[in-house]
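Read the structure below first, then the notes.
In the text below, chain A, chain B and the rest are named by the order of the sequence lines, each starting its count at 1.
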Protein chains: 2
Amino acid sequence: MSSRGPTYRIENIVATVNLGVELDLERLAERLMMAEYNPDQFPGLILRLTKPRISALIFRTGKMVATGAKNEEDLKNAVKALVKLLRDHGAEVPFDPEVQIQNIVASGNLHAEVDLEQAVLMLENAMYEPEQFPGLIYRMSSPRVVILIFGSGKIVCTGAKSEKDVALAVQKLYNQLKELGVLYIEEGGEEELGEEFEEEL
Amino acid sequence: MSSRGPTYRIENIVATVNLGVELDLERLAERLMMAEYNPDQFPGLILRLTKPRISALIFRTGKMVATGAKNEEDLKNAVKALVKLLRDHGAEVPFDPEVQIQNIVASGNLHAEVDLEQAVLMLENAMYEPEQFPGLIYRMSSPRVVILIFGSGKIVCTGAKSEKDVALAVQKLYNQLKELGVLYIEEGGEEELGEEFEEEL
DNA sequence: GGCATATTTAAATACGGATTTATAAGTCGT
DNA sequence: ACGACTTATAAATCCGTATTTAAATATGCC
């Protein structure tokens with residue numbers, strides 16, 4: 001019976017949206033009670049949707065950043081809702097603006113403990129200073145992502161621009177660590193009580 | 001080979017000292033740089049000694065509260081030092097004022113885990129609400145103390161006025177819990193790596 | 001150019017504060 | 001009369017904050 005491979009789940013998608021028109025943020029802030037806008041502090045107007053929990057930073061230039069989505073469908077729906085909200089409050093923005101995924105954050109599980117002290121010696125572009133932060137910071141160049149690796153075998157993969165890159169990075173990392181012999185893989189059946197990470201590779 | 005019995009260590013002694021003269025706290029605060037005195041907030045002047053770490057609350061009436069001592073000798077020495085400090089800064093207090101121990105706090109170890117859910121049902125004058133506080137609160141009437149009992153077998157005994165009462169309370173508690181069958185006593189040798197609680201009964 | 005401001009998200013470790021208990025002192029508010 | 005303020009102390013659990021990483025956005029400061 002072999003052990004399972006790595007799994008991951010997308011936790012956060014950061015996307016930019018180009019509304020294509022300039023916006024009067026002062027006016028918007030007046031009309032939108034839920035908006036937070038303090039230009040002395042930060043030049044963007046902040047909107048927070050709740051279902052799902054997705055936030056947006058809206059700038060005078062008509063550029064918008066949407067954060068918090070866990071999948072592309074939620075992202076799309078949130079952009080729709082934001083556009084509607086803006087249109088309903090006087091901003092003439094297009095129905096179907098361009099959306100660009102800029103960052104995907106995924107958490108993952110290698111299902112094996114990791115010897116971080118050894119790993120940092122054997123991996124290139126790795127940093128591990130446990131007194132500063134309990135994870136090993138690994139910069140993978142292709143795909144170009146950063147992966148935080150914890151002793152428990154849990155990881156965070158960040159900087160990807162597509163799910164394909166996430167999947168590839170997680171698998172590559174797993175293969176590398178296995179080859180380096182820094183994984184403590186326990187043999188045994190796959191005991192699952194509730195699925196914490198859904199995507200398996 | 002039988003297991004060991006309970007042990008304890010005195011952690012804090014609270015004592016009152018009657019200096020027998022009224023004091024000018026404003027003047028004292030001026031002269032004593034280390035003094036903290038904010039009468040709007042609290043009517044006492046606060047002094048903190050460092051070796052050992054013992055604090056004093058000094059009141060206009062010449063009454064004083066000393067806290068932090070872990071044994072009577074440290075308490076006596078602290079009172080001497082405080083008297084000297086006051087005399088050196090113009091307060092005509094007697095050399096050898098009356099000292100009265102008002103509270104002794106001791107931590108202890110029953111060297112056995114405790115079933116708190118069962119214990120609270122079987123003990124009189126016991127309260128256990130783990131969502132509010134992780135210890136069981138047990139009020140012993142003779143000696144009149146309060147004992148906090150934790151699942152690990154560690155305890156805090158508070159309210160005693162003499163070490164004799166502490167010792168008696170800890171032993172009584174141990175006997176009661178043993179009799180009630182809520183202690184998980186592990187048989188085995190006495191494995192000590194550094195003495196955490198010194199007084200054994 | 002770099003840093004800060006702000007948004008989001010996971011991982012895991014550390015730290016501080018809070019909780020509870022007793023006790024004396026003295027002052028204020030209810 | 002009671003509760004709050006203050007001081008000290010242990011136990012153990014919870015919560016919040018911080019740490020790190022990425023990315024876009026835009027404004028201000030050095």
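Rounded to 10°, the helix from dG1(C)-dC30(D) to dT30(C)-dA1(D) has 70° between the axis fitted to its first five pairs and the one fitted to its last five.
Ranked by how close their nearest DNA chain C nucleotide is to the 5' end, G44(B) and R144(B) are led by R144(B).
Atom CG in L45(A) sits roughly 12 Å away from atom C1' in dT7(C) (whole-Å rounding). The nearest whole Å value for the distance from the CG atom in L82(A) to the C1' atom in dA24(D) is 15 Å. Atom pair I149(B):CD1 and dA22(C):P shows a separation of 14 Å (rounding to whole Å applied). Going from atom CD of E98(A) over to atom P of dT25(D) covers 11 Å, rounded to whole Å. Separating the CE atom of M140(B) from the C1' atom of dA22(C) is a distance of 15 Å, rounded to the nearest angstrom. Atom C1' of nucleotide dA10(C) and atom OH of Y138(A) are separated by 20 Å, given to the nearest angstrom. For I58(A) and dA24(D), the CD1 to C1' distance is 14 Å, given to the nearest whole Å. With rounding to whole Å, I104(A) atom CD1 is found 17 Å from dT7(C) atom C1'.
More than 12 heavy-atom neighbours from other residues, nucleotides or ligands sit within 6.0 angstrom of CZ on R87(B). When the shell of 6.0 Å around CD of Q176(B) is examined, it contains more than 12 heavy atoms from other residues, nucleotides or ligands.
For F42(B) and F59(B), the ring centers sit closer than 6.0 Å to each other.
Under a 3.5 Å cut-off, the side chain of N18(B) and the backbone N or O of K63(B) do not form any donor-acceptor pair. Judged purely by atom type and a 3.5 angstrom limit, K161(A) uses its side chain to pair as donor or acceptor with the backbone of Q102(A). The closest donor-acceptor contact from the side chain of K70(B) to the backbone of R9(B) lies at 3.5 Å or more, if one exists at all. In terms of modelled atom types and a separation under 3.5 Å, the side chain of D115(B) and the main chain of Q118(B) share a donor-acceptor contact.
The phosphate of dT25(D) (OP1 or OP2) has no side-chain N or O of T16(A) nearer than 4.0 angstrom.
Residue pairs meeting the salt bridge (charged side-chain N to carboxylate O under 4.0 Å, His left out) criterion with at least one partner in residues 17-39 of chain B, sequence neighbours excluded, are E22(B)-R60(B), E36(B)-R48(B).
Distances were taken from every side-chain heavy atom of Q132(B) (C-beta onward) to each of dA22(C), dT25(D), dT20(C); the shortest belongs to dT20(C). Checking dA24(C), dG26(C), dT27(C) against the side-chain heavy atoms of R60(B) singles out dT27(C) as nearest.
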Residues E179(B), N175(B); criterion side chain to side chain donor-acceptor pair (under 3.5 Å); working and verdict: CA-CA 6 Å; E179(B) 196 173 316; N175(B) 293 346; over 6 Å; no

I'd like to compare against my own output: the B/S/- annotation of nucleotides 3-11 of chain D with a strict under-4.0 Å heavy-atom distance to protein. --BBBBBBB

